[in-house]
Amino acid sequence: MKIGIFAGSFDPFTIGHASIVQRALPLFDKIVIAVGINEHKKSMLTSEEKVKKIAVLYANEPKIEVKAYAGLTVSFAQKEQAQYLIKGIRSVKDFEYEREQADINKQIGGIETILLFTEPSLSSISSSIVRELIHFGQDVKPYIPDGYIL
């Protein structure tokens, strides 16, 4: 069984994240959307809220599970018996960071990383931008998936 882990803080989950999941779905038998828990990072939503909101989006997709985890992503992937990490790339800056992470994850866990380039129309969308728009009272519906309730 080909299992991929799509990990992130997902604070909040955006249409960019949803696009990566949809594009990765045909490549895997199962995708685990892994909500990372980082106590040092101030989040808009709790990890439980994030898991619940994302799970609602994919309730009718049997190939997708949503789980929270703490610690190294590669350790979580091993626990889930995943062979792949799925990463979205928006820019050269993202690419350099993810390439380094992929090298380390391969060395310490034997996990391959699959890089999917963000669709050009979505490349400027990020969770941090959506959080800022929310902070200033702007409508963020165009940037979050249909059915995702903040």
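In this structure, CZ on F6 lies 12.0 Å from CG on L25, to the nearest 0.5 angstrom. Note that CD of Q101 is 8.5 Å distant from OG1 of T113, once rounded to the nearest 0.5 Å. Interatomic distance, Y84 OH to I111 CD1, rounded to the nearest 0.5 Å: 10.0 Å. With rounding to the nearest 0.5 angstrom, the CD1 atom of I33 is 4.5 Å from the CZ atom of F13. Atom CD1 in I89 sits 9.0 Å away from atom CG in L116 (nearest 0.5 Å). Put simply, CD1 on I149 and CD1 on I144 are 7.5 Å apart, with the number rounded to the nearest 0.5 Å.
The hydrophobic clustering, which links ILVMFWY residues whose side-chain heavy atoms are closer than 4.5 Å, places L85 and I104 together. Criterion: ILVMFWY side-chain heavy atoms under 4.5 Å apart, direct or through other members. Under it, Y69 and I54 are not part of a common hydrophobic cluster. Both L150 and Y58 are members of a single hydrophobic cluster when ILVMFWY side chains are connected at heavy-atom separations under 4.5 Å. Residue I5 is not grouped with residue I64 when hydrophobic side chains (ILVMFWY) are merged at heavy-atom distances under 4.5 angstrom, including chains of intermediate members. Both V35 and I20 belong to a common hydrophobic cluster when Ile, Leu, Val, Met, Phe, Trp and Tyr are linked at side-chain heavy-atom distances under 4.5 angstrom.
Q83 places a side-chain N or O within donor-acceptor distance of the main-chain N or O of M1, the cut-off being under 3.5 Å. Side chain of K50 to main chain of S9: a donor-acceptor pair is present (N/O by atom type, distance under 3.5 Å, no hydrogens or angles). The main-chain N or O of K106 is never found under 3.5 Å from a side-chain atom of E112 such that the two would form a donor-acceptor pair.
Put simply, the side chain of V21 does not reach to within 4.5 Å of the side chain of E61, judged on heavy atoms. Side-chain contact between F76 and K67: present, with at least one pair of heavy atoms (C-beta onward) separated by less than 4.5 Å. Between I31 and K63, the closest side-chain pair of non-hydrogen atoms is not below 4.5 Å. Side-chain contact between I129 and Y143 is absent, with no heavy-atom pair separated by less than 4.5 Å. At a threshold of 4.5 Å between non-hydrogen side-chain atoms, the residues N105 and T73 do not count as touching.
A68 approaches I37 most closely through the heavy-atom pair CB-CD1, 3.9 Å. Considering all non-hydrogen atoms of both residues, L57 and D146 come closest at CD2-O, 3.3 Å. Nearest heavy atom pair, residue L122 against residue S19, reads CD1-CB, 3.6 Å. Closest heavy-atom contact between H17 and P12: CE1-O, 3.6 Å. Contact record, I125 with R90: O-NH1, 3.3 Å, taken as the closest heavy-atom pair.
Contacts of Y148 classified as ring pair (Phe, Tyr, Trp, His ring centres under 6.0 Å), with partners at least two apart in sequence or in another chain: none.
Tested against R131, the residues V140, D11, L45 include a single side-chain contact (heavy atoms from CB on, under 4.5 Å) partner, D11.
Using cut-offs of 30° and 60° on the angle between ring planes, the pair F117 and F95 is parallel.
With salt bridges taken as basic N to acidic carboxylate O contacts below 4.0 Å, one links R99 and E96.
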